[in-house]
*Asks:* 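Got a structure for you, questions after.
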Amino acid sequence: MTELNTRSSFAVQPERVLGQDQSSQHRVCYRSNPLVVRDSTRIYHDKHPLSVTQLSANLIRVCLGEPLIASVAVLPATIPDHPTDLPNRIEWSWLPDDQWQIAVHRHGQGLATSRGLYADSADGLYLYLALPDAWPVYGLGEKTGELNKQGKKWTFWNSDVFLPHSDATDELYQSIPFMTVSTDQGWMGIFLDNPGRSRFDLSLTDEVCISVDGGALDLYVFTGETIGELIDLYTQLTGRPFLPPKWALGYQQSRHSYESGQEVRNIVEGFRRHDLPLDALYLDILCMDGYRVFSLDPKAFAQTPELVDDLLAEGVRVIPIVDPGVKRDPHYRVYQQGMSADYFVQSAQGDPWQGRVWPGESVWPDFFQPRVQAWWQDLHRYYTDMGIQGFWNDMNEPAVFNDRMTLDADALHHIDGSAVAHESVHNAYGLLMCESTASAIVAQCAQRPFVLTRAGYAGIQRSAAVWTGDNRSSWEHLRMSVPMLLNMGLSGVAFTGADIGGFMDDSRPELFTRWMQLGCFYPLMRNHCAIGQARQEPWCFAEPWTARVRQAMHRRYKLLPYLYQLFRDAHETGLPILRPMFWLEEQVEQTENMSDQFMFGDALLIAPILVAGGVARSVWLPKGLWHSLAEDRSVLGGQFVLAQTGLEDIPIYLKAGAILPLAPYRHSTARAQKELRILIVDGAEHGRMLFRDDDGLTVNPAENRYARLSIGYHKSPAQVECHLSLDRSYYKPEWQLITLGVPQAWKGRPVLLNGEPINGRSKVDGLRCRLQYISPSAWL
Ligand code: MIG
């Protein structure tokens, strides 16, 4: 009889780990439920229990020690349920010599072998795994540096880092202890589930040391044929990215801080006057009454309900900041409520833990308690009653103005009936705050949530979008954003962005323009700027810069149907929106650490200009044909090309044969999209695509209440046959017209739509469908 670590049961759903082959099973108990686990063994190593559980054919869990709390990352109901006969089956075995060892096999070959387990309770737990330096490592969430994370020691401890982030910066706001390894026989993923301080030391020679300061060394080891498979598995385990409302994919404007309702109105007016799109505008901390959360300045923001209404009518959402620090003010309702119900994190002595942050002396809600989450959720009525539908969670590492920059190590959270020291669960604080915020929107607005967060932990993709904190207006930070966002995507967090233009320091026209040209491809497109810095609303640098910036911003809106499609894919499979170049062709040495260009979905290759004065750059084109957007011609891949470019634009390539859903420009997603454009990129004989559309707001997309448009084409020397079929039974899209944009090169060949020559009267499911010969740049 084998016993599963009882704590592990919070994460693992019993039914899902049932094995097929009864004979090799061990019976264990899960509270009152009988649990049958295949190949699970629990032994004692030193004084620490060690258990290995095969959760599916390509996923095992290795847990050394006892987790202190139920996992906040791993979803109870979603342990991957994979067939047992996968080609990339993972196996493990004990090598019981003096030191217990674990060996991970794939196709019967050794993939990773532990070199002993160090279990020293005074000093945390350590596991050494063989890992050749030549195997690139990706993921690790929000980290500085290049794409490949090999060669450094990485620490996971959510930190507010105001000093300029550099390659030497280790801890940042988010902690996602998940790494993917490109081995010489497929991919391996390792997720360390521990919300205290942990480390992946990749600076060692041919091995990695995984360690935790306290709690359990709770590892999930995955294998897969591709990195996409690993991310799929990882986001089954920790949850899929939430499907955002469409408006959140529009352009977002922020500044620390717009100082009055009137200033906000003027800013919105500026967007309209300059023919620039806008979907959301942020209110930073100066909107509050003395930095009290859930309050507004009684003078400057007295008319906020009217402001929110008027802006909504203009298609602009107002997003207020909500920080976790609650001002210690006996006359303040939030403080009073929290005190009388004991909602705040406690000190070791048992009174509310106090520290200084923006409001002065403050206390922090203990989000680990469901009742505190519920209270906090309810406090959002203050805003949702005004029509506010999105929130910004900052300072939730949590950041405190003290030497430690956070709560004391021994501050206490109350979790499932026990008092747990802050340092053991620090990294989970922001995630739990965001869950409370997101649930407020769902409950009070009956809409999909939009929460933007700075801090997070594995699983944050379920409830919030992430921005990368206090960057600077510098070329280094423009460049750094690319590998950082790529690796966040490879860590399950698809919805990310860096502050466009840079937060600290003054942006300059060229840097700002280059940032917008890159930023229109960030999943989150938000311009934000610090107090006291030169203004950087998109028209601030005057002509000819504004025209260039406008082109990038308009491009974003033209791309929205394609981007929304990518978000839906992310929501269903976990796949990132920004993809490193090796995504398209693995085992190509050039792309292993390529940190300065990327794929936006599978169809668009983006090569941003990342240096001052840059007017040309080399671009790696993967094998196959590519269509240069600027030059409007096909270019052969499998090589570097030198792309010339002006200040007007950056080099962009479309994959030959791709089909992209696009839209005409409109200045807000609230404006009806009357036309759907289907762009067919030249260079292939045939192609297919399924486009799904919905209202972009309904909460439960699992109902599959979307319209489906499937498109296929086949080109022969004599003609081109296009097949379109549209199913509008579940949702009637806004668009009343479909325009098929086909290559100029197709001219002179008849184009058939569903078997008939396409003409002015052609229809698909009752909708008009017309043909245009265009160059992609006309629509992008
Ligand atoms: O201590 O709310 O990263 O985006 O503008 C700084 C003021 C607090 C930090 C955030 C930044 C925000 C700022 N906040």
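In each ligand, atom 1 is the first atom listed, and ligand 1 is the first ligand listed.
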*Asks:* Would Arg526 and Trp392 count as a cation-pi pair here, with the cationic atom under 6.0 angstrom from the ring centre and within 45° of the axis?
*Replies:*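 Geometry flag: set, cation within 6.0 Å and 45°.
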*Asks:* Considering heavy atoms of the protein only, find what lies nearest to atom 13 (C) of ligand 1 and give residue, atom and distance to 0.1 Å.
*Replies:*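 Nearest neighbour among protein heavy atoms for atom 13 (C) of ligand 1, to 0.1 Å: Asp394 OD2, 3.6 Å.
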*Asks:* Going by the atom numbers of ligand 1, which of them fall below 4.0 Å from some non-hydrogen atom of Met395?
*Replies:*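 Near Met395, meaning under 4.0 Å from one of its heavy atoms, ligand 1 has 1 (O), 8 (C).
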*Asks:* Aromatic rings Tyr457 and Phe191: how do their planes relate, parallel, tilted or perpendicular, breaks at 30° and 60°?
*Replies:*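 Tyr457 and Phe191: tilted rings.
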*Asks:* Below 4.0 angstrom from a heavy atom of Ile321, which ligand 1 atoms are there? Numbered from 1 as shown, please.
*Replies:*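 Per the distance check, 2 (O).
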*Asks:* Using ring centroids (six-membered ring only for Trp), state whether His413 and His422 fall under 6.0 Å.
*Replies:*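 Aromatic pair counts; centres sit under 6.0 Å.
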*Asks:* Of all the atoms in ligand 1, which lie at a distance below 4.0 Å from a heavy atom belonging to Trp467?
*Replies:*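 Those atoms are 3 (O), 4 (O), 10 (C).
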*Asks:* Return the orientation label for the Phe156 and Phe200 ring planes: parallel under 30°, perpendicular over 60°, tilted otherwise.
*Replies:*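 Ring orientation of Phe156 relative to Phe200: perpendicular.
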*Asks:* What's the shortest distance from atom 4 (O) of ligand 1 to any protein heavy atom, and which residue and atom give it?
*Replies:*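 Here the closest protein heavy atom is His528 NE2, 2.9 Å.
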*Asks:* For ligand 1, note which part of Tyr173 has a heavy atom under 4.0 Å away: side chain, backbone, both or neither.
*Replies:*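 Neither; nothing of Tyr173 gets under 4.0 Å from ligand 1.
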*Asks:* Checking Lys246 against Tyr564: charged group under 6.0 Å from the ring centre and within 45 degrees of the axis?
*Replies:*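 Positive - Lys246 is close enough to the ring of Tyr564 and near enough to its axis.
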*Asks:* Would the Tyr557 and His667 ring centres measure less than 6.0 Å apart?
*Replies:*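 Ring-ring flag for Tyr557/His667: false, centres at least 6.0 Å apart.
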*Asks:* Answer side chain, backbone, both or neither: which part of Trp392 comes under 4.0 Å from ligand 1, heavy atoms only.
*Replies:*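 Looking at Trp392 and ligand 1, just side chain atoms fall under 4.0 Å.
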*Asks:* When you measure from atom 3 (O) of ligand 1 to every protein heavy atom, which one gives the shortest distance, and what is it?
*Replies:*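 Of every protein heavy atom, Asp470 OD1, 2.5 Å lies nearest to atom 3 (O) of ligand 1.
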*Asks:* Closest non-hydrogen protein atom to atom 1 (O) of ligand 1, residue and atom name please, with distance?
*Replies:*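 Of the protein heavy atoms, Trp358 NE1, 3.0 Å lies nearest.
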*Asks:* Can you list the atoms of ligand 1 that are under 4.0 Å from a heavy atom of His256?
*Replies:*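 That gives atoms 5 (O), 7 (C) of ligand 1.
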*Asks:* Is Arg292 close enough and on-axis enough to Tyr335, meaning under 6.0 Å and within 45°, for cation-pi?
*Replies:*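 So Arg292 doesn't make the cation-pi contact.
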*Asks:* Could you work out, for atom 2 (O) of ligand 1, the closest of Asp160, Asn471, Ile531, Asp284 by heavy-atom distance?
*Replies:*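 Among Asp160, Asn471, Ile531, Asp284, the closest heavy atom to atom 2 (O) of ligand 1 comes from Asp284.
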*Asks:* Look only at interatomic distance and state if Asp499 has a nitrogen or oxygen under 3.5 Å from any nitrogen or oxygen of ligand 1.
*Replies:*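 No: no nitrogen or oxygen of Asp499 is under 3.5 Å from one in ligand 1.
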*Asks:* Taking the six-membered ring of Phe271 as reference, does the NZ or CZ atom of Arg265 fall below 6.0 Å from its centre and within a 45° cone about the axis?
*Replies:*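 Not satisfied by the 6.0 Å and 45° rule.
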